[in-house]
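Position 1 is the first residue of the sequence; numbering continues from there.
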Amino acid sequence: MSITINNQNNMHALFKTDSASSINQNKQISSANNAAIDLAPNATSIEELKSSRYISNIKPEEIKVHYEAIKQLARKELDDTNFENKSLTPNNYHDATIDKIMTVPIEVKIDRDEINTAILYNRLGISFLDVKRIETRMEILNLAQKEIDDDADKGLIRKDQQQTLTKKVEENLTKLVDEKQSILDRSAGNETEEFFLKQVEAQRSVKL
């Protein structure tokens with residue numbers, strides 16, 4: 001089951017939940033909640049929690065669905081705009097897919113096992129959905145890189161083409177990492193570091 005946030009009003013309502021109610025809510029949902037919090041299990045400061053690789057719970061099957069949809073969209077647009085009827089190659093399609101990954105709107109939602117993580121980060125003034133959208137885009141790029149490498153191994157693209165595409169993927173990943181860090185650095189919540197860390201520890205220790 002997933003909870004989709006459709007507008008800002010719903011988002012504000014969700015994250016105004018006080019600490020007691022958020023812990024009670026945690027007791028009602030599955031033990032998968034702890035997995036999301038364990039992204040930085042030994043964190044002793046907010047900065048360490050922020051620097052976790054991912055704060056959202058990325059699901060490989062959802063990333064694959066996103067990637068396939070984007071890949072097909074990029075292919076269709078490339079074919080439709082090929083007015084000179086050039087012979088398009090796998091390299092052309094990979095290049096177009098990378099561009100599309102960086103520009104296509106990415107729809108994300110707060111899954112059931114991310115609710116409490118989202119509440120905690122939003123209390124710090126960090127938009128969980130914005131971060132998850134970036135992290136999702138990063139994983140889609142990683143999947144594109146895997147397919148590039150696979151096609152190079154099969155001889156479908158040349159090694160120099162693989163290197164050029166890989167450089168493009170890496171440059172876009174760097175942009176996304178910087179964008180994510182910018183969001184994480186804009187903490188403007190009212191909660192103290194001590195309170196925040198106590199909430200994280202409380203959620204880790206809940207026994208369902």
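By the 4.5 Å heavy-atom criterion applied to side chains, Asn82 and Asn92 are not counted as neighbours. Considering only heavy atoms from C-beta on, Lys109 comes within 4.5 Å of Glu62 through its side chain. Annotation: side chain of Asn57 is not in contact with side chain of Thr117 (no heavy-atom distance under 4.5 Å). When side chains are defined from C-beta on, His94 does not count as touching Thr164, because their heavy atoms never get closer than 4.5 Å. Side chains of Leu120 and Leu124 form no contact here, defined as non-hydrogen atoms less than 4.5 Å apart. Looking at Lys59 and Asp111, their side chains come closer than 4.5 Å, going by heavy atoms from C-beta outward.
In this structure, Ile58 and Pro60 approach most closely via the heavy-atom pair O-CD, 3.6 Å. Nearest heavy atoms, Ala118 versus Ile110: CB-CD1, 3.9 Å. Heavy-atom minimum distance, Pro90 versus Asp151: CB-OD2, 4.5 Å.
Atom CD of Gln162 and atom CG of Leu156 lie 11.5 Å apart (nearest 0.5 Å). Annotation: the span from Ile115 atom CD1 to Phe128 atom CZ amounts to 10.0 Å, rounded to 0.5 Å. Atom CD of residue Glu135 and atom CD1 of residue Ile140 lie 12.0 Å apart, to the nearest 0.5 angstrom. To the nearest 0.5 Å, the span separating CG on Asp153 from NZ on Lys159 amounts to 5.0 Å. To the nearest 0.5 Å, atom CD of residue Glu107 and atom NE2 of residue His66 are 8.5 Å apart. Interatomic distance, Ile55 CD1 to Lys180 NZ, rounded to the nearest 0.5 Å: 6.5 Å.
Put simply, the side chain of Gln145 never gets that close to the backbone of Val169: no donor and acceptor are under 3.5 Å apart. In terms of modelled atom types and a separation under 3.5 Å, the side chain of Asn172 and the main chain of Lys168 share a donor-acceptor contact. Without hydrogens or angle criteria, Lys71 side chain to Thr97 main chain gives no donor-acceptor distance under 3.5 Å.
Tracing side-chain contacts under 4.5 Å through hydrophobic residues (I, L, V, M, F, W, Y), one never reaches Tyr93 starting from Ile70; they form parts of separate clusters. In the hydrophobic cluster analysis, where Ile, Leu, Val, Met, Phe, Trp and Tyr join through side-chain heavy atoms closer than 4.5 angstrom, Leu173 is grouped together with Ile106. The hydrophobic cluster containing Val65 does not contain Ile134, counting ILVMFWY residues as joined when their side-chain heavy atoms lie under 4.5 angstrom apart, directly or transitively. Ile148 is not connected to Leu78 by any chain of hydrophobic side-chain contacts under 4.5 Å among Ile, Leu, Val, Met, Phe, Trp and Tyr, and they are in different clusters. If you chain together hydrophobic residues whose side chains sit under 4.5 Å apart, Met102 and Val108 fall into the same group.
Of the N and O atoms on the side chains of Asn142 and Glu139, at least one donor lies less than 3.5 Å from an acceptor on the other residue.
Atom CD of Glu84 sits in a sparse spot, with 12 or fewer heavy atoms from other residues, nucleotides or ligands closer than 6.0 Å. Counting heavy atoms of neighbouring residues, nucleotides and ligands inside a 6.0 Å radius, atom NZ of Lys64 does not exceed 12 of them.
Partners of Ser182 according to the side-chain hydrogen bond (donor to acceptor under 3.5 Å, both in side chains) rule, which considers only residues two or more places apart in sequence or in another chain, are Arg186. Every residue two or more places apart in sequence or in another chain that forms a side chain to side chain contact (heavy atoms under 4.5 Å, CB included) with Leu73 is listed here: Glu77, Lys100, Val104.
Salt-bridge formation is not detected for the pair Asp149/Lys146: no Lys NZ or Arg NE/NH1/NH2 atom is positioned less than 4.0 Å from an Asp or Glu carboxylate oxygen.
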Lys175 and Asp178: CA distance, side-chain angles, deciding distance, salt bridge (Lys or Arg N to Asp or Glu O under 4.0 Å) verdict
CA-CA 5 Å; Lys175 290 178 184 177; Asp178 290 344; over 6 Å; no
